[in-house]
Amino acid sequence: MRPNLLNEHQARHIASVLGLLLDELGELATPLPQEPWAAPARARLAAVRSRVLGVFHELHLAPPESAPPRRRLAAYAGVWLVRLEDLRSRSLARYGPVAEGLAARLEPALDAVARELEQLVRLAADTPEPRDANR
């Protein structure tokens with residue numbers, strides 16, 4: 001039983017984003033070369049996976065199986081919408097002085113990318129999920 005820490009939408013959002021991370025961790029580990037740095041990297045990827053599974057356990061959520069394509073698309077687009085905020089000129093100030101005029105050139109381009117990602121989220125949300133014959 002899930003404690004009342006999360007509502008249904010919050011639980012689904014956390015499960016979607018962390019489920020996507022679990023999928024990505026597995027995909028990142030597979031193609032690593034047989035080089036000295038790769039073994040510790042695999043160990044760190046396994047440690048991150050363990051920590052993510054700990055978050056699921058702590059919140060009494062079940063880790064999702066690999067997300068269906070539509071949910072995966074929506075999750076990817078949503079994650080990248082958040083990451084785009086880090087590229088905004090106001091956020092770039094953390095990395096050093098921001099040139100005058102950067103916002104005027106960068107922000108409209110990022111807005112255009114964000115609009116496309118938002119369209120992907122809407123498209124994925126509006127597409128009915130195929131029914132599984134075993135349900």
Side-chain angles (χ1 to χ4, degrees):
M1 179 174 179
R2 179 170 34 97
N4 293 329
L5 296 174
L6 302 169
N7 67 36
E8 181 182 337
H9 300 293
Q10 292 167 334
R12 187 174 49 246
H13 180 64
I14 288 173
S16 291
V17 172
L18 292 181
L20 188 63
L21 177 57
L22 287 174
D23 287 349
E24 290 296 310
L25 292 171
E27 290 174 19
L28 285 170
T30 302
L32 290 180
Q34 295 300 321
E35 294 183 19
W37 64 268
R42 281 189 198 88
R44 294 284 29 106
L45 289 167
V48 172
R49 179 177 175 71
S50 178
R51 298 287 184 169
V52 169
L53 291 172
V55 173
F56 279 106
H57 178 75
E58 187 68 30
L59 296 175
H60 300 274
L61 297 172
E65 293 183 25
S66 188
R70 137 185 120 112
R71 265 198 236 135
R72 193 172 169 123
L73 177 61
Y76 268 116
V79 166
W80 280 104
L81 276 166
V82 172
R83 294 296 301 145
L84 280 180
E85 289 304 308
D86 189 47
L87 301 179
R88 302 277 178 187
S89 55
R90 66 183 173 274
S91 298
L92 288 176
R94 293 181 297 207
Y95 302 98
V98 176
E100 189 174 322
L102 176 63
R105 293 185 71 185
L106 178 61
E107 301 301 319
L110 291 177
D111 289 343
V113 173
R115 282 191 301 275
E116 293 297 334
L117 289 169
E118 289 164 355
Q119 289 293 331
L120 278 174
V121 170
R122 279 194 282 288
L123 177 67
D126 290 341
T127 305
E129 210 170 292
R131 296 221 177 244
D132 186 340
N134 296 324
R135 286 188 193 173

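Numbers for residues simply follow the sequence, beginning at 1.
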Item to complete: For the residue pair L61 and L18, establish whether any side-chain heavy-atom pair is separated by less than 4.5 Å.
Response: no
Worksheet item: For the atom pair CZ (R115) and CG (L81), what is the distance rounded to the nearest 0.5 Å?
Response: 12.0 Å
Practice prompt. From the options L59, V52, L53, select the one residue that forms a side-chain contact (heavy atoms from CB on, under 4.5 Å) with V55.
Written response: L59
Discussion item. Hydrophobic clusters here meaning ILVMFWY residues chained together by side-chain heavy-atom distances under 4.5 Å, can you tell me if V82 and L106 are in one?
Written reply: no
Response to the item:
Smallest heavy-atom separation, P108 atom then A103 atom, equals CD-O, 3.6 Å
Response to the item:
What one should report as the nearest heavy-atom pair of A15 and P64 is O-CG, 3.5 Å
Practice prompt. Can you see which heavy atom on L73 is nearest to which on A124, and at what distance?
Written response: CD2-CB, 4.3 Å
Worksheet entry | L32 CG to Q34 CD distance, which is reported to the nearest 0.5 Å | 9.0 Å
Discussion item. Applying side-chain contact (heavy atoms from CB on, under 4.5 Å) to V113 and E116, what does each step give before you reach the verdict?
Written reply: CA-CA 5 Å; V113 173; E116 293 297 334; 5.8 Å; no
Worksheet entry | S50 side chain to A46 backbone, donor-acceptor under 3.5 Å | no
Item to complete: Give the cluster check for L5 versus I14: same hydrophobic cluster or not, with ILVMFWY residues linked at side-chain heavy-atom distances below 4.5 Å.
Response: yes
Fill in: Heavy-atom closest pair, residues V121 and A77
CG2-CB, 3.5 Å
Worksheet item: Do L120 and W80 pass the side-chain contact (heavy atoms from CB on, under 4.5 Å) test, and can you show the C-alpha distance, the side-chain angles, and the key distance before you say yes or no?
Response: CA-CA 11 Å; L120 278 174; W80 280 104; over 6 Å; no
Item to complete: Supply the atom-to-atom distance R83 CZ to S91 OG, rounded to the nearest 0.5 angstrom.
Response: 10.0 Å
Response to the item:
Heavy-atom nearest pair, S16 first then A75, reads O-CB, 4.4 Å
Worksheet item: Hey, what do you get for CG (L20) to CG (L25), rounding to the nearest 0.5 Å?
Response: 9.5 Å
Discussion item. Can you pull out every side-chain hydrogen bond (donor to acceptor under 3.5 Å, both in side chains) where at least one residue sits in residues 98-111? Sequence neighbours excluded, please.
Written reply: R88-E107, R88-D111, S89-E107
Fill in: Exceeds 12 heavy-atom contacts within 6.0 angstrom, atom CZ of R42
yes
Practice prompt. Return yes when atom CD of E65 has more than 12 non-hydrogen atoms of other residues, nucleotides or ligands closer than 6.0 Å, and no otherwise.
Written response: no
Worksheet item: Are the charged groups of E58 and R51 less than 4.0 angstrom apart, N to O?
Response: no
Discussion item. According to a hydrophobic-cluster definition based on side-chain heavy atoms being under 4.5 Å apart (Ile, Leu, Val, Met, Phe, Trp, Tyr only), do V48 and W37 belong together?
Written reply: yes
Worksheet item: Just by modelled atom types, is the N7 backbone N or O under 3.5 Å from a matching donor or acceptor in the Q10 side chain?
Response: yes
